[in-house]
Structures are given as C-alpha cells and as structure tokens.
Amino acid sequence: MDGPIIRMQGISKLYKPDTWALRGVDLELEKGSWVTIMGPSGSGKTTLLNMIGCLDSPTSGSLLIDGTDVTKLGQKALASFRRENLGLVFQQYHMVPYLTALENVMLAQYYHSVVDEAGAVEALERVGLGHRLTHTPSQLSGGEQQRVCIARALVNDQEILLADEPTGNLDKKNGEIVLDLIKDLHDDDHTIVLITHNPEIATMGEVLVEFLDGQAVSFKQTSNRVGGG
Amino acid sequence: MFLRILAKSISKRKGKIAIAVVAVIMGASVTTALLTVSLDVNEKMNYEFRKFGANLLVIPDSDTINIGIGQFGFGAVTEQKYINQSDLYKIKTIYWAKNVLGYAPFLYQAVTVETGNESNVAILTGTWFEKDTVLEDGTVFKTGVKTINSWWDVEGTWVDDNGTSQDAMIGANAAEKLGVGLGDVVTVSYSERPDDLENATYLELNIVGIISAGGPEDDQIFAKLDTAQELTNRPNMVHTVQVSALCTKCDVDEFAREIEEKINYVDARTVKQLANAEMSLLSKIEDMMLLVSTVALSASALGVGTTMTASVVERRKEIGLMKGMGAENGRIASLFLAEAGIMGVLGGILGYAVGLVLAYLIGLSVFASQVMPNLFVFPIAVGIGVGVALLSSLLPVRRATRVEPAVVLRGD
Ligand SMILES: Nc1ncnc2c1ncn2[C@@H]1O[C@H](COP(=O)(O)OP(=O)(O)OP(=O)(O)O)[C@@H](O)[C@H]1O
Ligand SMILES: [Mg+2]
C-alpha cells in the first residue's frame, strides 16, 4: 500500500432544510485498495460518493484526495480534478442518449484530454463490446450499457474508480461481468470505492465500511487483501 | 468531437429545434422586410433626387391632375385648368434664370389607340423634346424632356421638335401592352365626348423611340406639343411644366416662389414636397414595421428561450454526466450556445428569404413598386437571428451550467 489517497475528516452534509445526510465522517482509504460501502437506504452512501467524486461539496469537514484539499477548489479546478483523477460508474447506466457506444467513450476522452478513437475502441473491446461500437443506448441492453460506462470510466485511466451500486440493475450474469471488470481494474492498482447492498459483493474488497444514519459505524478488513498484509 | 456532439444532438431533436427556428424566422423575416422596403424605397427616392436635381413641377393653381414626376404620383383630375404656353419663357426671367437648366411642358390626354383591329385607351402626352424656344431677349433656348430627362433610357431616337413629320415616342410598358415597336405607325383618335366617333379627330404617329424611365412615363405616348394641342383642340395650353434647376448656393423653394410670382396663376412645387407624401407614408410604414419587428423579435426570443429551457431541463442528466466526466461550465455552455447559434443562423437565412417575399408584397401593395432584394440586409438578418437566439439562450444556458453533477448519481 502507498499511504492514504483519500483522507476525509469530519465531513458533514446538510441538505436543506434539515436533512443531515452525513454527520462527521472520518475515513482514510489506501491507494490501490478496494473499499466497499454498505448500509441501509438513506444512510448517506451516495452522498459520501458524491463528496469523494467532487460532484457535491460538503457542508463542513475536510477532504484531501491525493494531497489536494478539494473543498477549496473552484468550479473549473474541480472539473479538471474530476477528469484527472476520478472515474464514475452509476447504478443507472447514464449514457448520452444520442451518441453511440463508441462516441460515449470518446466523449470522456474529449472532456479529459484528446479524442483517440483507437483507444476508445480498445476500451470497449476490453469490456467485451467490440461488436457494439455503433449502437446507441436504446439499442443496448442494460448490462451492455453498464459495460460502456465502465469502458468510459477506464479509458482515461484515472486513479480512482467510484461505483454506486453498479450491478444494482443487472441480472446475475451481467453483474458478474461488471464485477470482473472492476476486479481487473483493481488488479491494475486502481483504487476502488464501491457501494452495494449485496453481501456477496461486499466481501470482494479489502475493507468494508458500514454506514448508518450518515455515519461510518464499522470498518472491517475482508479476506481479499492483496499483498497479504 | 464537439461538432459531432452538436450535429447528433441537433438531429435527434429536430422537431423542437424546428419550432425554435420558426420562431427566429418570424423575427428575422419581419426585420428583413422592414429593412429591404425602407432601403429600396429610399434608394429609389434618392435616385429620383439625383436624376432630377433640384426639380420643380409647375401646375395651374389648385389643379390636381393625375400626373407625377418619376416615382412620385399624386392626386386625380378635379378641374381642367391650363398654363399658357406663351408664358413659359417667363421661367427664364427669374433672378436665378441661369440656374434653370431647362423645362418641358406637358399636355395630357386620354386617347384611343388603334393597333391592328384592337383599340385601347392610352395617355397621349404632348411635350417638347429638344425645342428651339425664343426667350424674352430674342435668344434661342433649346429645352424639352431630353434636356431635363437626359437619363431616360431611349431605344431608337428622340423626336425632332423642329421637323414636320408626326413622330412620336412611346413608353416601354405602353409599347408592350399595345404591341407597338420601333418604326410602327399607330393611329390615335380623340373626341371630346367618348364614343362620339363622328366628331373624332384622327392622327397617325410614327414611333421613332421607346422610353424606359422607370416611372409613369413608361405608360404614355409622347408626341410633339403642337401635335397634341391640335388633336385635342387646346391651342397654347399645357397642363404642367417640369423645371430642372441646378442649385447649389440657392434655395429651391426660392425658385418656386419666384416662378409663382412671374406666372401668377400657377403653383410651383419642389420634388421634395412631392416626395413628402411618399416619405411620410414610408416613415409610417417603417414605424409600424419597427413595432411589428420588435414584437416578432420578442416572440422569437421567447420561442428560442422556451425551447432552450425545455432542452436544458430535459438534458439535466446528460449535463450532469458531462460534468461528471470533467466538463467545465464553459464547455457545457458552448454546446448549448452553439445549438442556439445554429438555430439563429438557420432562422436568419430562412427569415431573410421569407422577408424578401414580404418586402416584395409590401412594395407592390403599398408603394406599387417592385422592391429589389438587398444583399446588404442578408448579414443583418443572420446577425439578428443569431443575436436573438444567443441572447434568449443566456438564461437557459446559465441554468445548464448550474446543474449539479451530483444529479447523475441520484435516481429520479
Ligand atoms: N438532493 C437532496 N436533497 C435533500 N435531501 C437529500 C438529497 N440527496 C439525498 N438526500 C437525503 O440524504 C439522505 C442520504 O441519501 P443518500 O442518497 O446518500 O442515501 P443512500 O445511502 O445512497 O441510499 P440508497 O441506498 O437508497 O441509495 C437521505 O435521507 C436522502 O433523502
Ligand atoms: Mg444511493
């Protein structure tokens, strides 16, 4: 392990008027680790991922990602930080509806740096969609769309992959394909933060964090720790 | 990539974009029509002014015969009054006489024209072409329509006033209507009471020239003044006199006043005065169209604004997703503004085309003139289209940049 890549201290989030989605969360994630987050609905898991993903800002507390205090960044710097460091996969497989699978992946390249069609094709081949390049979202199954989203998240090779119930809407088979892809990324030393309701999936990572009422209530080492530590 | 996103996002939402484009067309077309009509009519008036210089129309007091100069027509006949031909030399006796370049008398009469076995009614105008007239001091002064309207486009030759043959010229429109060409002989007949064939006088005219003047002249037949006076039995009488005066240091109104003094039963009007009626009509129409343009442009803005707002709301997730991928506000804004810009360009181009049709119709129905398209208006129409589209998109685009990227993580 290479030390904490994400260090969260006293993070709270108030959704106006009076919903405290997070209440003073302290969390440290090792670089290259796989952290799974579980907890009942409404316990603040997605809110936490929004914080780490720099998609939303905390009401209080400090959040350092790779040494940068992201709570102090402006809109432009945040956008740039996101594209440099963070890949996102969601429960609802969001794609731009009027673009093809390939173009959706290229879009991520476009916003990241430069469009490289060969690289985008390669990413789609990696998720087993080499034969679906020109399909639009409406022509793809849910599992295929989620795999496009993973291709999109890995094409720019960002350090951290955030996945919010990536298999929540998928059947068992597609879910396994997606999880295998995430495992591959983890094997390539990417840091994974994954939210799930599925106890089976929860044991795939190295650390399991349980959430309740906006607080991280337990940390468990799970058996899959790489490097035998 | 940007263009690809743009093209695809537009082609997937054709219907809504078409509505916004139609909204832009409304505004751009009315504005185009306004500009085209006013530029065209102004240009035509300026053209007339240039051609005529400081021109004057002399008519008998309180007479309103249906005549005009160039573009400027006015009133209908009320009472037949005349100017004595023998008084015309007095125009050359005013203080500014040297500035009077020329003048031409006009005697108008509706006559029946026989061509083949058809007969039509046309205006026969008696005038001087380039006549040798004798002034007060005995000197010869060459004057007539050729002197004051040297810019007339003449096919064939001018009539020789001093010759003896019954030569005549015909306006281009009349020539076409009557099927008359150069070298043809037309028979005109006149009787004091219509259909009084027994007392009709006949005259054979040799057409030696065809006139294109771009005004009412194009509908008339021009014969020598004496010929017309003889035919209609009105010796020494003329209806109007057009005076061409070149005036740089003097006031044209001063000319008019002096002529009215020298010939005390006439009314001398400057072309400017004549043009006033048309000018004020133009300015009224401009005012009205400015109002309509404002309303239409507001409607355009509303149409585009609504479409863009709907588009932003509908595409919230897409915007959040793009932001999640690291797109900055500027990139989101430029995508939406580019869409608006394209609507503006399309609306502007189509609006220009529709506007030209509108302008043509307005020209025909209000000014009875064919309004010509003005290319100069094209960039303005497109500019207005783009401007309105962009301006009205500012608020929706602001809204787009404010979409929280977090929306993508949350279900609906
Ligand atoms: N935008 C928002 N405005 C107001 N309240 C919100 C907002 N987003 C989330 N909340 C509230 O914050 C709390 C935490 O929500 P969050 O989405 O983080 O839960 P979660 O643990 O992800 O639940 P689930 O397992 O159902 O996805 C909930 O009570 C939720 O209603
Ligand atoms: Mg959630």
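Letters A, B, ... are given to chains in the order of the sequence lines, protein chains preceding strands, and every chain is numbered from 1. Just the heavy atoms: all of them, side chains too, but no hydrogens, waters or symmetry mates, feed the values below.
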Visitor: Quick check on the structure: residues of residues 95-115 of chain A within a heavy-atom distance below 4.5 Å of chain B, by number.
Guide: A:Met95, A:Val96, A:Pro97, A:Tyr98, A:Leu99, A:Thr100, A:Glu103, A:Met106, A:Leu107, A:Ala108, A:Tyr110, A:Tyr111, A:Val115

Visitor: Applying the side-chain contact (heavy atoms from CB on, under 4.5 Å) criterion to B:Tyr352, which one of B:Ile384, B:Ile380, B:Val377, B:Val382 satisfies it?
Guide: B:Val377

Visitor: Considering only heavy atoms, which portion of B:Lys323 lies under 4.5 Å from any heavy atom of chain A: side chain, backbone, both, or neither?
Guide: both

Visitor: Can you name the nearest heavy-atom pair linking A:Thr71 to A:Pro58, along with the distance?
Guide: CG2-CG, 3.6 Å

Visitor: Quick check: are there more than 12 heavy atoms from other residues, nucleotides or ligands sitting under 6.0 Å from CD of A:Glu122?
Guide: no

Visitor: Out of curiosity, B:Glu404 CD to A:Ser57 OG, how far, rounded to the nearest 0.5 Å?
Guide: 7.0 Å

Visitor: What I'd like to find out is whether the side chain of A:Leu88 reaches to under 4.5 Å of the side chain of A:Leu55, using heavy atoms alone.
Guide: yes

Visitor: Would B:Ser9 and B:Glu339 satisfy side-chain contact (heavy atoms from CB on, under 4.5 Å), going step by step from the backbone distance to the final call?
Guide: CA-CA 9 Å; B:Ser9 91; B:Glu339 277 185 25; 2.3 Å; yes

Visitor: Go through the atoms of B:Glu328 and report whether side chain, backbone, both or neither lie under 4.5 Å from a heavy atom of chain A.
Guide: both

Visitor: State, yes or no, whether a side-chain contact exists between B:Phe376 and B:Leu35 at a heavy-atom distance under 4.5 Å.
Guide: no

Visitor: Answer yes or no: are there more than 12 heavy-atom neighbours, outside B:Arg13 itself, under 6.0 Å from its atom CZ?
Guide: yes

Visitor: Using 0.5 Å steps for rounding, measure from the CD1 atom of A:Ile201 to the OG1 atom of A:Thr36.
Guide: 9.0 Å

Visitor: Sort by residue number and list every member of residues 9-23 of chain A having a non-hydrogen atom under 4.5 Å from chain B.
Guide: A:Tyr15

Visitor: Just verifying a value: how many Å separate A:Leu78 CG and A:Gln75 CD, rounded to the nearest 0.5 Å?
Guide: 8.0 Å

Visitor: When you look at NZ of B:Lys8, are more than 12 heavy atoms from neighbouring residues, nucleotides or ligands closer to it than 6.0 Å?
Guide: yes

Visitor: Under 4.5 Å heavy-atom distance to chain A, tell me which part of B:Arg315 shows up: side chain, backbone, both or neither.
Guide: side chain

